[in-house]
Amino acid sequence: MAVVMETLPGFRDFYPTECAVRNVLFTAWREVAHRFHFLEFDSPILEPLELFTEKSGEEIREQLFAFEDRGGRKVALRPETTPSLVRLIGTRAASLKKPIKWFNITENFRYERPQKGRLRSFYQFNVDIVGEGSFSAEAELIALAIESFSILGLGRQHFYIRLSDRQIWILWLQALGIEESRLQVGLLNVLDKWERREREDLEKDALRYLSPTASVQEFLIRAEQLRQSNTLQEIRGCFDALNPNNTLKAAVDQRLLTWGQLLEELDALQYGSFVRVDLGIVRGLAYYTGFVFEVFEADLNGRALAGGGRYDLLFEKLTGHALPAVGFAMGDVTLLDVLQKYHLLPKITFPLDCFVIFENSTRRQALQDVGNLRQNDLSVTYILGEGTVSKQFKKALEYNPNFILFYRSDELRNNQVQVKHVSTHSVTLIEREKLVNFVCNYTAGSKRE
Ligand code: HAM
């Protein structure tokens with residue numbers, strides 16, 4: 001019996017205060033999306049399994065909550081929203097105005113080992129730009145990501161962005177003579193796990209994709225140099241050391257030019273100081289093709305607060321329509337941890353405008369007014385069931401309302417109601433017809449203060 005009293009591991013119940021905190025995050029995310037003129041969309045929480053097995057990358061495939069429905073279909077709870085977004089846009093690709101700037105807020109499910117910052121059910125704010133191939137889309141998204149943290153009180157002292165590039169890594173693998181895409185993808189996965197694996201395991205992993213004549217030690221030392229590069233000059237130096245042929249050299253020059261433009265754009269938008277060149281980021285999802293980035297808590301190697309990047313090939317693979325795309329998602333779990341750490345969690349109260357108290361004989365008139373007040377957008381409550389006047393007063397004070405309205409039969413004979421303004425203790429007799437106006441004016445006034 002006790003088992004029904006617990007959630008599944010990695011799942012959370014949200015009591016009203018936690019739900020209210022979650023709603024503050026959702027409202028903030030929507031507000032920022034609105035400022036950047038992104039439109040909200042939604043998609044099913046349950047999707048055909050294939051949507052994720054085909055496109056999400058090895059790690060997510062292993063973490064799927066997948067099962068067969070009663071019709072024998074293989075389905076999965078969404079671990080992320082990007083493949084669903086691709087379907088929605090791909091289906092109407094021709095008619096949608098480009099660039100498409102869309103966002104959504106979703107509950108996602110991944111069968112991970114529950115730990116700090118990682119749960120099996122979590123919320124994500126997903127933001128994507130589709131139909132724009134230039135670096136300005138990356139700049140716009142990084143700006144939006146930064147604002148999504150700023151709006152909640154987090155600043156440069158709390159978080160920063162690690163900006164990297166899968167294209168640079170692919171060019172680097174090519175400079176090492178690794179041309180086969182299967183090997184490149186395998187090695188990118190090895191690089192992605194770098195910070196979480198022991199050196200010995202990294203060697204073993206890398207060996208699976210290197211030619212028998214290559215030195216795994218040398219590969220890892222050179223990779224470490226590129227991972228540690230924090231400037232465009234240092235990146236160039238890593239290539240120079242490999243003596244690339246002219247075609248490759250031109251491709252690297254071109255790419256570093258784009259890097260320079262992106263960094264300049266971010267500076268112009270006044271977000272440059274949040275961003276660090278950091279080739280240590282590769283991203284675990286297989287669909288990324290270009291710039292990738294993750295947001296981290298300042299000077300701490302915790303779990304990422306957000307992550308994303310460019311995925312220019314996913315549309316064509318999934319829908320047949322080639323469309324460039326870039327996006328990111330941030331999660332609620334790590335965000336709440338950081339807000340808590342810096343005492344920035346929103347303060348939650350549940351304000352109540354009126355608590356209504358009545359004698360048995362005045363119940364009917366009191367309830368009529370409850371209806372009127374509620375129809376005028378005021379929050380009103382009263383004791384359900386029966387209770388003496390003194391019990392009702394006691395209850396009222398527990399709620400700390402703005403007003404206590406008291407319906408006494410002798411005053412009601414003159415069509416009057418006692419209105420107590422709780423914080424000032426002032427009591428006024430108000431005619432019932434004027435009640436809604438009186439409370440509304442007072443409430444609007446106090447909201448303006
Ligand atoms: P992701 O890096 O897998 O990217 O997830 C983005 C964020 O979601 C993470 O940085 C983290 O905050 C949160 N998150 C992920 N897994 C968990 C978990 N198990 N528990 C708690 N939080 C988690 C994506 O999902 C991509 N679809 C983002 C994207 C959008 N790329 C392009 N467009």
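All values below come from the heavy atoms of this structure, side chains included, with hydrogens, waters and symmetry mates left out. Each ligand, and each atom within it, is numbered from 1 in the order the structure gives.
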Between [X] and [Y], what is the shortest heavy-atom contact and its length?
X: Phe239; Y: Pro244; answer: O-CD, 3.2 Å
X: Val282; Y: Leu188; answer: CG1-O, 3.5 Å
X: Ala76; Y: Leu49; answer: CB-CD1, 3.9 Å
X: Leu323; Y: Ile89; answer: CD1-CG2, 4.0 Å

Ring centres under 6.0 Å, that's the criterion: do [X] and [Y] meet it?
X: Phe350; Y: Tyr399; value: no
X: Phe26; Y: Tyr123; value: yes
X: His158; Y: Phe149; value: no

Nearest neighbour in protein (non-hydrogen) for [atom]:
atom: atom 20 (N) of ligand 1; result: Leu119 N, 3.0 Å
atom: atom 21 (C) of ligand 1; result: Gly117 O, 3.4 Å
atom: atom 14 (N) of ligand 1; result: Phe122 CE1, 3.5 Å
atom: atom 33 (N) of ligand 1; result: Asp128 OD2, 2.7 Å
atom: atom 4 (O) of ligand 1; result: Arg283 NH2, 3.0 Å
atom: atom 9 (C) of ligand 1; result: Ala304 O, 4.2 Å
atom: atom 24 (C) of ligand 1; result: Leu285 CD1, 3.6 Å
atom: atom 27 (N) of ligand 1; result: Glu80 OE1, 2.6 Å

Return a yes/no value for [X]: is any of its N or O atoms, backbone included, closer than 3.5 angstrom to an N or O of ligand 1?
X: Gln124; value: yes
X: Val333; value: no
X: Arg110; value: yes
X: Gly309; value: no

query = Out of Gly327, Ala306, Ala325, whose heavy atom is nearest to atom 10 (O) of ligand 1?
reply =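 Shortest heavy-atom distance from atom 10 (O) of ligand 1: Ala306.
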request  = Counting heavy atoms only, name the option from Asp332, Thr82, Ile129 that's nearest to atom 30 (C) of ligand 1.
outcome  =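 Of the listed residues, Thr82 has the closest heavy atom.
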query = Would the number of heavy atoms belonging to other residues, nucleotides or ligands and lying under 6.0 Å from NE2 of His321 be above 12?
reply =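 Count over threshold, so yes.
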Against heavy atoms of [X], which atoms of ligand 1 measure under 4.0 Å?
X: Thr334; result: 12 (O)
X: Gly307; result: 10 (O), 28 (C)
X: Tyr311; result: 32 (C), 33 (N)
X: Tyr288; result: 26 (C), 28 (C), 29 (C), 31 (N), 32 (C)

query = Among Phe159, Phe293, Tyr160, which one satisfies ring pair (Phe, Tyr, Trp, His ring centres under 6.0 Å) with Phe274?
reply =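 That would be Phe159; it is the only one of Phe159, Phe293, Tyr160 passing the ring pair (Phe, Tyr, Trp, His ring centres under 6.0 Å) with Phe274.
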message = Run the ring-ring contact (aromatic ring centres under 6.0 Å, His included) test on Trp259 and Phe291 for me, step by step, so that the C-alpha distance in whole Å, both residues' side-chain angles and the decisive distance to 0.1 Å come before the verdict.
response = CA-CA 9 Å; Trp259 260 92; Phe291 285 111; 5.1 Å; yes
request  = Answer yes or no on whether Arg162 is positioned over the face of Phe296, meaning its NZ or CZ is under 6.0 Å from the six-membered ring centre and within 45° of the axis.
outcome  =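 Yes, a cation-pi geometry.
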query = Is Arg87 positioned over the aromatic face of Phe52, cation under 6.0 angstrom from the ring centre and no more than 45 degrees off axis?
reply =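 Checked: cation-pi criterion not met.
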query = Trp169 and side-chain contact (heavy atoms from CB on, under 4.5 Å): which partner among Gln184, Arg227, Gln174?
reply =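 It is Arg227, the one option of Gln184, Arg227, Gln174 that forms the side-chain contact (heavy atoms from CB on, under 4.5 Å) with Trp169.
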query = Taking non-hydrogen atoms only, is Phe125 closer than 4.0 angstrom to ligand 1 via side chain, backbone, both or neither?
reply =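 Neither part.
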query = What part of Phe328 sits under 4.0 Å from ligand 1 if we count only heavy atoms: the side chain, the backbone, both or neither?
reply =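 For Phe328, the contact with ligand 1 is made by the backbone alone.
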request  = Answer yes or no for Gln63: is there a heavy-atom contact with ligand 1 below 4.0 Å?
outcome  =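 It does not; every heavy atom stays at 4.0 Å or beyond.
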